[in-house]
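Below is one structure, written out as structure tokens; comments come after it.
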Amino acid sequence: TSQGDDDFNKSYKRFTVEHPNAKLALAAHSLGTEIAYNATGEQKYPGLREIYLYNPASSPVQSKDHIRKIITDPRVQLFLNKGDVVSNYFSQNLKPDELNRVHYGRFSRAPQNAHGLAQWTAVESY
């Protein structure tokens, strides 16, 4: 719940000040999802309409309340893979009526495929 990045926070705050009427969609992957999501909680921005979290970082030792807060945020769309150990705690905490905001990648036993961004794009690799 406390992962952050000063440079990201400064950049996000600067954007909100310089573009107060802009509509914004935020996308992040892996640990970046925690950094980005936590910044949105610290700095309210009414133009933030959509948050796309790809393979969001999670752990069973993390606060379940924090995970539930993200899951129930109406702006959030989750991109998960059931073979991804990094984001699997999100899948474990979903309720059936929340599945309409979740997109699942093709299952893979290979960690790099289950967690990689390539599963969400037409590009083969990064």
Side-chain angles (χ1 to χ4, degrees):
T1 61
S2 63
Q3 284 295 324
D5 180 84
D6 289 339
D7 289 336
F8 180 84
N9 290 345
K10 288 175 189 173
S11 177
Y12 182 71
K13 184 173 185 170
R14 180 176 171 191
F15 181 87
T16 63
V17 169
E18 291 179 4
H19 307 281
N21 299 317
K23 294 178 184 172
L24 179 64
L26 179 65
H29 176 257
S30 196
L31 181 57
T33 62
E34 276 295 300
I35 292 168
Y37 191 82
N38 290 341
T40 67
E42 293 171 12
Q43 303 170 41
K44 304 294 182 209
Y45 182 63
L48 181 58
R49 303 274 195 253
E50 299 164 325
I51 301 173
Y52 302 103
L53 302 180
Y54 295 87
N55 305 99
S58 65
S59 166
V61 297
Q62 202 171 8
S63 162
K64 184 176 180 176
D65 290 339
H66 178 68
I67 298 296
R68 291 293 309 149
K69 177 182 173 187
I70 294 171
I71 290 172
T72 59
D73 186 327
R75 304 168 299 175
V76 170
Q77 290 280 319
L78 294 169
F79 294 80
L80 306 174
N81 187 309
K82 291 184 180 181
D84 179 24
V85 296
V86 175
S87 60
N88 203 359
Y89 194 55
F90 274 90
S91 291
Q92 295 171 14
N93 283 284
L94 286 166
K95 295 180 179 176
D97 63 330
E98 296 165 340
L99 293 173
N100 62 333
R101 293 187 346 214
V102 178
H103 308 275
Y104 279 102
R106 192 171 348 144
F107 179 81
S108 174
R109 285 186 170 78
Q112 69 275 16
N113 295 336
H115 188 70
L117 275 174
Q119 68 183 307
W120 309 112
T121 68
V123 176
E124 289 298 316
S125 65
Y126 288 112

CG of N100 to CD of E98, rounded to nearest 0.5 Å, is 8.5 Å
Rounded to the nearest 0.5 Å, how far apart are NZ of K64 and CD1 of I71? 9.0 Å
Check: V61 main-chain N/O paired with S59 side-chain donor or acceptor under 3.5 Å: yes
What is the minimum heavy-atom distance between A114 and S108, and which atoms define it? CB-O, 3.6 Å
Close side-chain approach of R49 and L24, heavy atoms under 4.5 Å: no
Within the structure provided, determine whether Q62 and I67 are in side-chain contact (heavy-atom separation under 4.5 Å). yes
Rounded to the nearest 0.5 Å, how far does CG of L78 lie from OH of Y52? 12.0 Å
Would you say S91 and Y104 are linked by a side-chain donor-acceptor pair, where the criterion is simply a distance under 3.5 Å? yes
Closest non-hydrogen atom pair between R68 and L94, with its separation: NH1-CA, 4.4 Å
Please evaluate residues H115 and N81 with respect to the criterion side chain to side chain contact (heavy atoms under 4.5 Å, CB included), reporting the C-alpha separation (whole Å), side-chain torsions for both, the decisive distance (0.1 Å), and the verdict. CA-CA 7 Å; H115 188 70; N81 187 309; over 6 Å; no
Working note: D97 + K95, criterion salt bridge (Lys or Arg N to Asp or Glu O under 4.0 Å); need CA distance, chi angles, decisive distance, verdict. CA-CA 6 Å; D97 63 330; K95 295 180 179 176; over 6 Å; no
Side chains of Y12 and L48: closer than 4.5 Å at any heavy-atom pair? yes
Which heavy atom of R101 sits nearest to which heavy atom of D73, and what is that distance? NH2-O, 3.2 Å
N113 side chain to Q119 side chain, donor-acceptor N/O pair below 3.5 angstrom: no
Is E18 salt-bridged to K13, going by a charged N under 4.0 Å from an acidic O? no
A57 and F90 have their tightest heavy-atom pair at O-CE1, 3.5 Å
Please find the pair of heavy atoms, one from Y37 and one from K69, that lie closest to each other, and give the distance. OH-O, 3.8 Å
Which of parallel (below 30°), tilted (30 to 60°) and perpendicular (above 60°) describes F79 and H103? parallel
Step-by-step side chain to side chain contact (heavy atoms under 4.5 Å, CB included) determination, Y54 to T33: CA-CA 7 Å; Y54 295 87; T33 62; 5.7 Å; no
Heavy atoms only: give me the nearest N88-K82 pair and the separation to one decimal. ND2-O, 4.1 Å
Side-chain heavy atoms under 4.5 angstrom apart, residues restricted to Ile, Leu, Val, Met, Phe, Trp, Tyr: same cluster for L53 and L99? yes
For L80, run the side chain to side chain contact (heavy atoms under 4.5 Å, CB included) check against V86, V102, N55 and tell me which one passes. V102
